[in-house]
**Student:** 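Have a look at this one before I ask anything.
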Amino acid sequence: MASDFSPIDFKEALNQEQYDAVTAPEGPALVLAGAGSGKTRTLTYRVAYLLSSGIQPNEILLLTFTNKAAKEMLERVEDLTGIPRHHLWGGTFHSIAQRILRTHGEAIGLKKNYNIIDESEAEDILKSSIAVVDPKFIKTKDNPKPKVIANLISYARNTRTEISDEAADRYPFIEGIGQKVEAFYKHYKKSKLSQQVTDYDDLLELLLVLFKENPEIAAIYQKRFKNILVDEFQDTNQLQSDIVDSFATAHQIMAVGDDAQCIYTWRGANYENIMGFTDRHPNAVIHKIETNYRSTPEILDFSNAILKAQPSGLHFSKELKAVKPSGEPPYFVPVMDTRNQAQFILKRIQGLIDEGFNYSDIAILYRAHYHSMDIQMELSRQNIEYQITSGVRFFEQAHIRDLTAQVRFASNPSDITAFKRFTGLLPRIGPKTSENLHKFTRTYAEKNTLNFCDALRSEVVLKKVPKDAQEEWESLSETIYELNQALETEKPDAIIRLAVDGWYSSFIREIYPNWTDREEDLISLIGFASRFDTIEELLAQLILLASETTERTGEERKHCLRLTTVHQAKGLEFPIVFIIGLADGLFPLKRTIDDGDIEEARRLFYVACTRAQKELYLCYPMLNQQGNNIMRLNPSRFIQEIDPSLFQTLKIAPNRAW
DNA sequence: AGTCGAGTTCTTTTT
DNA sequence: GAACTCGACT
């Protein structure tokens, strides 16, 4: 209990800037916290401060951008105050929305057991919708692909613009594209509702619909959350901003962010949210936190110089002030090519280890995953362990999705998307056959007033299954039926265990040569499931926690070298940072130069550099070879625009040892 | 009509 | 290495 904890000495724990923000009186506040200035610290102490001044845990809403951030902050609050983290409402916008919809969704036609689908499933549904609405559309070569349309729709929804306008904007040369995409979307929406599934954007949109149509439900939360805190405010989009507004009707909000670190506009992040905060909350107080505890003055000077190249007027002026002792200016390292780059980095790392650094002190950052290929190869060649926050996430692995699809379906038999996923594993069953089977079973079940999962294992249905699949079908349908029955009585972990031991366990043995690895994953899923009280909550979190990457080896890997994209490195810090591929075409990417947002790429570079505490290496490969053709590359424009006195160029002769 | 297999192309960022 | 295309096969 909180009383067991000695009162926190806020004055002692914080600097003046932080203290002012943490103890700010009621009313809207905007905290502009630069990189490394203790943003998380400020936010967690703010929560602790509120709690210590008598606010109840369930009166605080803490909205974060990632699950990781939410977890970290709640843990720190718990350490500080002793209040268990689950007493607080903290999480991503999506997970909070999910939580509320699970309770009140029925008011807008969402059953309690609705399922959340991921991006690829959403694409599949959209694709079938397009095929229904306009069968010729997909076959016409000049038309955008379903994936691109899905992207466009999502962007429009997140920025709260008309889908038809967005489509017409992007494809002015396609006749009537606006109406078409609009029609696709309408069908897609209907399809999801009939399956009782929601995509990511639905969670946010439907929450707003729920609040709008049911003011009495909205009032519950508006009244309850006396304090709303939003992290990474610069990366919120219009949809999220509207959600914040729908909670904070009395301006009881503290937004924390750094406009210089806005790197998600491609996902609809709206710079205006932070820049126009004081307009929407007229009495807002701005707190600037500019003391940087992370980096040497040299690294900070360099980072500040990146921002100086920004066109003026689009940002709050700020300059990070260093308190750390002086170090070496950042190294600019031209290398021949990416292989050479890998060799340089490995040699230098060896040197750093000899100097007494640990592998875990070192991070290698890059713009895109594939930039790290050569480094990865070199690292495994030399048997150096590394931790990579890779593109493939735990939940997205095929076997995890196969298994959860079964549980999902048993829990919500209208989820045809899930049905297609696992039935499609059987021979001679593709999307079409799967759909027909579902339709047939439904009619049969209705006629005989049978439970759907019961009907699935009947003789009549079996006869409709292609011959090659019938044997597997008997075992599969039995498992689905068992799962469905178990939902009533069993806990989530028991249900997952049932699925792991069922049809799928024999199936993976036949399909995958490395089935033992995969079975291990599935078994770890049972452990994960035991953390949840209801199967709905488990299924939701499995999707929403998708970014919780393959961390099962997490514990033993903590001590090793980190490879990560700049985006995923946000919020982290390392004594030694290597940024690789700093050439025009790689960072910024060619695509960004051609038709992207250079300003955002520059902010991304700023984020990358401000991760470094002691030493920063900027590697520039002069040649890039893709396939057979070799191309000359220019140094990244972001380095060229910086005063050369702020960094030192390292000349490495091909054979010179470090 | 729908599924399967071989061959080909191209790699952003995440809830 | 995955995702997509295209032609062959049931």
**Student:** Taking the side chain of Gln568(A) as heavy atoms from C-beta outward, which of dT15(B), dT14(B), dT3(B) is closest to it?
**Tutor:** dT14(B)

**Student:** Report the residue (Ile429(A) or Ile263(A)) whose heavy-atom-nearest nucleotide on DNA chain B is the more 5′ of the two.
**Tutor:**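 Residue closer to the 5' terminus by nearest nucleotide: Ile429(A).
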
**Student:** Starting the side chain at C-beta, find the nucleotide from dT14(B), dT3(B), dT15(B) nearest to Asn67(A).
**Tutor:** dT15(B)

**Student:** Looking at the side chain of Thr92(A), which of dT11(B), dT15(B), dT14(B) is the nearest nucleotide?
**Tutor:**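 Nucleotide nearest to Thr92(A)'s side chain: dT15(B).
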
**Student:** Would you say dT13(B) has OP1 or OP2 under 4.0 Å from some side-chain N or O of His369(A)?
**Tutor:**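 His369(A) to dT13(B) OP1/OP2: side-chain N or O found under 4.0 Å.
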
**Student:** Measure from the side-chain heavy atoms of Lys432(A) and tell me the nearest of dT12(B), dT3(B), dT14(B).
**Tutor:**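 Nearest to the side chain of Lys432(A) among the choices is dT3(B).
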
**Student:** Picking from dT15(B), dT13(B), dC4(C), which would you name as closest to the side chain of Trp266(A)?
**Tutor:**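 So the nucleotide nearest the side chain must be dT13(B).
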
**Student:** Using a heavy-atom cut-off of 4.0 Å across all strands, would you classify Pro466(A) as base, sugar-phosphate, or nothing?
**Tutor:** nothing

**Student:** Nearest to the side chain of Pro427(A) - dC4(B), dT14(B), dC4(C)?
**Tutor:** dC4(B)

**Student:** Give me the distance, rounded to whole Å, that separates dT13(B) from dC4(C) when you measure between the C1' atoms they each carry.
**Tutor:** 22 Å

**Student:** Take atom CD of Glu123(A) and atom C1' of dA3(C), then tell me their distance rounded to the nearest Å.
**Tutor:** 11 Å

**Student:** On the six-membered ring of Tyr114(A), is Arg102(A) placed so that its NZ or CZ lies under 6.0 angstrom from the centre and within 45° of the ring axis?
**Tutor:**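 Ring-cation test returns yes.
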
**Student:** List the steps, then state whether side chain to side chain contact (heavy atoms under 4.5 Å, CB included) holds for Phe528(A) with Leu538(A).
**Tutor:** CA-CA 9 Å; Phe528(A) 181 76; Leu538(A) 166 67; 3.7 Å; yes

**Student:** Does the ring of Tyr264(A) meet both stacking tests against the six-membered base ring of dT14(B): centre distance under 5.5 Å and plane angle under 30°?
**Tutor:** no

**Student:** Both Gly424(A) and Arg367(A) contact DNA chain B. Taking the nearest nucleotide for each, which residue is further toward the 5' end?
**Tutor:** Gly424(A)

**Student:** Within 45° of the ring axis of Tyr155(A) and under 6.0 Å from its six-membered ring centre, is that where the NZ or CZ of Arg170(A) lies?
**Tutor:**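 Geometry flag: set, cation within 6.0 Å and 45°.
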
**Student:** To the nearest Å, how far apart are Phe587(A) CZ and dT13(B) C1'?
**Tutor:**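 Interatomic distance, CZ of Phe587(A) to C1' of dT13(B): 11 Å.
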
**Student:** Using whole Å, report how far CG of Asp124(A) lies from C1' of dA3(C).
**Tutor:** 12 Å

**Student:** On the 0 to 90° scale, with breaks at 30° and 60°, tag the Trp473(A)-Phe419(A) ring pair as parallel, tilted or perpendicular.
**Tutor:** perpendicular

**Student:** Give the nucleotide from the list dT12(B), dT15(B), dT13(B) with an atom nearest to the side chain of His567(A).
**Tutor:** dT13(B)

**Student:** Can you check the Ile153(A) CD1 to dT15(B) C1' distance for me, whole Å?
**Tutor:** 18 Å

**Student:** Please determine whether a side-chain nitrogen of the Lys or Arg among Arg603(A) and Glu600(A) lies less than 4.0 Å from a carboxylate oxygen of the Asp or Glu.
**Tutor:** yes

**Student:** Should Thr433(A) be listed as having a side-chain N or O under 4.0 Å from OP1 or OP2 of dT3(B)?
**Tutor:**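 Yes.
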
**Student:** Indicate, with a heavy-atom threshold strictly under 4.0 Å, whether Phe93(A) touches base, sugar-phosphate, or nothing.
**Tutor:** nothing

**Student:** Could you walk me through whether Glu232(A) and Tyr264(A) pass side chain to side chain contact (heavy atoms under 4.5 Å, CB included), step by step?
**Tutor:** CA-CA 11 Å; Glu232(A) 306 279 14; Tyr264(A) 284 97; over 6 Å; no

**Student:** Would you kindly give the NZ-to-C1' distance between Lys145(A) and dC4(C), to the nearest whole Å?
**Tutor:**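 Distance check: Lys145(A) NZ to dC4(C) C1' gives 8 Å.
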
**Student:** Rounding to an integer number of Å, can you tell me how far Asn237(A) CG sits from dT13(B) C1'?
**Tutor:** 15 Å

**Student:** Counting only side-chain heavy atoms from C-beta out, which of dT10(C), dT14(B), dT13(B) sits nearest to Arg428(A)?
**Tutor:** dT10(C)

**Student:** Starting at CG of Asn151(A) and ending at P of dT15(B), how long is that distance when rounded to a whole Å?
**Tutor:**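 Computing the Asn151(A):CG to dT15(B):P distance gives 15 Å.
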
**Student:** Starting at atom CG of Asp468(A), determine the distance to atom C1' of dC4(B), rounded to an integer number of angstrom.
**Tutor:** 12 Å

